[in-house]
Amino acid sequence: MFDRIVYLCRRVLRNLKGSPILCSAAIGTVAVALTILVFFALIVLNVQKMAAHWSKEIQVVAYLDNDPPGARLDDWRKLIKGMPEVGQVRYVDQDEAFRRFRARLGSDSDLLEGFGVEILPASLEITLKEGHRSQMAAEAVVGRLRQNPDFSEFSYGQDWLERFESFLGMLRFGGAILGSFLLFAALFIVANTIKLTLYARRDELEIMALVGATPFYIKTPFLLEGALHGALGGLLALIGSFAVFQLFLQRGLSSLLLVSGNEQIAFLSWQQQLFVIVVGILLGIIGSALSLRKFVRI
Amino acid sequence: MIQLYNVCKSYQKDSSAALDNLSLKVPKGDFVYITGPSGAGKSTLLKLLYCAEKPNRGQILVNGQNITRMGSSHIPHLRRRTGIVFQDFKLLESRTIFENVAFPLEVQGKKRYEISNKVYQVLKHVGLHGKLHQYPLQLSGGEQQRVAVARALVIDPLILLADEPTGNLDFEVTLGIVDLFKGANARGTTVLLATHNRELIRRFPRRVIALENGQLVDDYTP
């Protein structure tokens, strides 16, 4: 068994040494295909991350006609906190609302001269739990609160939420479609490059079959070689895309997503990097297997 | 050793048959020339014997085994007992002479020391033990064919199939190659040699199976 493994490794190394240009072409193809995928993944993941960050802003504001008595407020708080979608409930009394409004007006705050705190209603700011930050959850909470006549009005950024959700949906759908398309394109290119390397070795494949090699014996080193090409291509893609990310992409994405500070735009996590290498290995193996079907005939 | 019963083979549906209702028997240890003009079916017959092609009809038995019913997983095992020599040598140019001859033994998973001993003996037998580390393109045509014969003989084949092995060689070199086949035959290997070289048959008279248009037209021993 050990002899067999050593022999297989020797054959893989011999193949790599025997046709360095074709091997480099195969590795390069995998690297280019995966670099495009990594760039695409970086954009989608960072936009999704930003979207998740923005979704923290989703909250329901229930306006009250008057400042309620303390006991009643506590009851409401308990009731609202008991809802499955609700994370936190914060009471903003008329004083605080007026203070906030004044602060927001900044240098124009003198416009409020002559007005009292009673011009702004008190409110309950209801933050939704992660996983419930959607239009549906916000509407469910509002629906339940409407049954209470003490709440005069609700605001939960209906239009913004609608647009935000359709944007997220499009991003996910477009990401899935474009990602699969890129993956298939990569597989097609890699399979054809590997086909070229096999074409250059068709004599060897024919002679192997003629001297009694089993399909398993013939194919295994080529599949291993495909896996090695894929792994090296994946590694090159990560190194290349990390360099480009550091030099250009981070800054570009920051300005595109209106993020202040580069630290929020992140490269792939180590699990995602490992995934890229695994995708490379799978591309190499599947590409080799597809091409071998045509060339290995016993 | 080899029995063919009413074997028919055509490569395309409407084309004429490459082999047409061919029946013949070759006993173990026989040396047979397969002759006939180009397109007579010599190569097709050999291809059927090493399972590179399947017959459309008829049965072929090799060493008691019906190879027409053989599954593709068994074909490699049949080929491990069959030496094959081609007109164009089919050597791996990127490998040394030693590596080329060792190839069938590597495929069979033999141990390295076994391979080294056996390959050296065979190369000595064909007179190329001094060129172990050279590459095929550094050798003459005759020497390359000797390497191909060594590769076929290194597995101690039950059957040796040679398809026009001397077609590209001059007559002096041809005699040397046929000597190697005769030696293998003397050690018990059944040899089928496809050729249209009449001079060769005249020099080394053995059983002749003559084909024409895929049919057996003569079977005689001069």
Side-chain angles (χ1 to χ4, degrees), chain A residues 1-26 194-225 228-229 289-298, chain B residues 46-47 49-54 67 70-86 88-96 99-115 135-137 147-148 150-159 161-163:
Chain A
M1 186 65 188
F2 181 70
D3 280 358
R4 207 82 178 152
I5 294 169
V6 170
Y7 177 69
L8 280 175
C9 293
R10 269 195 11 239
R11 269 185 61 199
V12 172
L13 288 177
R14 179 204 288 273
N15 286 350
L16 288 174
K17 228 169 71 180
S19 46
I21 294 173
L22 282 172
C23 286
S24 311
I194 291 173
K195 202 180 279 178
L196 277 180
T197 68
L198 289 178
Y199 185 76
R201 293 194 200 138
R202 62 195 186 285
D203 290 346
E204 189 178 340
L205 293 171
E206 185 193 354
I207 293 165
M208 272 189 194
L210 287 175
V211 298
T214 58
F216 176 79
Y217 179 91
I218 300 173
K219 288 177 182 177
T220 308
F222 286 101
L223 293 175
L224 285 176
E225 200 184 327
L228 193 65
H229 288 163
L290 288 175
S291 309
L292 279 166
R293 268 197 331 182
K294 292 208 167 178
F295 283 99
V296 180
R297 289 211 178 105
I298 297 293
Chain B
L46 296 184
K47 280 180 184 171
L49 292 176
Y50 62 82
C51 293
E53 297 289 345
K54 288 243 174 207
I67 63 169
M70 190 182 270
S72 58
S73 60
H74 291 96
I75 293 172
H77 300 286
L78 170 87
R79 289 183 184 162
R80 288 177 188 190
R81 305 299 288 153
T82 308
I84 312 168
V85 181
F86 298 92
D88 59 353
F89 323 135
K90 290 201 190 297
L91 297 174
L92 294 169
E93 290 168 10
S94 60
R95 297 197 181 201
T96 63
E99 288 166 338
N100 266 285
V101 178
F103 203 36
L105 297 176
E106 279 182 8
V107 161
Q108 292 185 21
K110 297 275 192 251
K111 298 255 182 269
R112 288 187 83 174
Y113 67 87
E114 263 183 85
I115 295 176
Y135 288 87
L137 293 182
V147 177
R151 186 182 62 194
L153 294 180
V154 78
I155 55 169
D156 294 324
L158 290 175
I159 302 168
L161 305 173
D163 192 1

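Bear in mind that the values here come from a model prediction, so they are computed numbers and not experimental data. Protein chains get the first letters and strands the later ones, always in sequence-line order, with residue 1 at the start of each. Side chains included, hydrogens not; waters and symmetry mates left out as well; all remaining heavy atoms used.
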Side-chain heavy-atom pair A:Thr214, B:Arg80 within 4.5 angstrom cut-off: yes
Per-residue contact mode, B:Leu91 against chain A (heavy atom under 4.5 angstrom): backbone
Contact class of B:Glu53 relative to chain A, heavy atoms under 4.5 angstrom: neither
B:Arg81, part contacting chain A, at a heavy-atom distance under 4.5 Å: neither
Spacing of B:His74 atom NE2 and B:Cys51 atom SG [to the nearest 0.5 Å]: 11.5 Å
Pairs of heavy atoms under 4.5 Å with chain A: top-ranked of B:His77, B:Arg151, B:Glu106: B:Glu106
Side-chain heavy atoms of B:Leu49 within contact of B:Thr82, under 4.5 Å: no
Audit row: A:Tyr217, B:Val107, side-chain contact (heavy atoms from CB on, under 4.5 Å) steps and yes/no: CA-CA 8 Å; A:Tyr217 179 91; B:Val107 161; 3.6 Å; yes
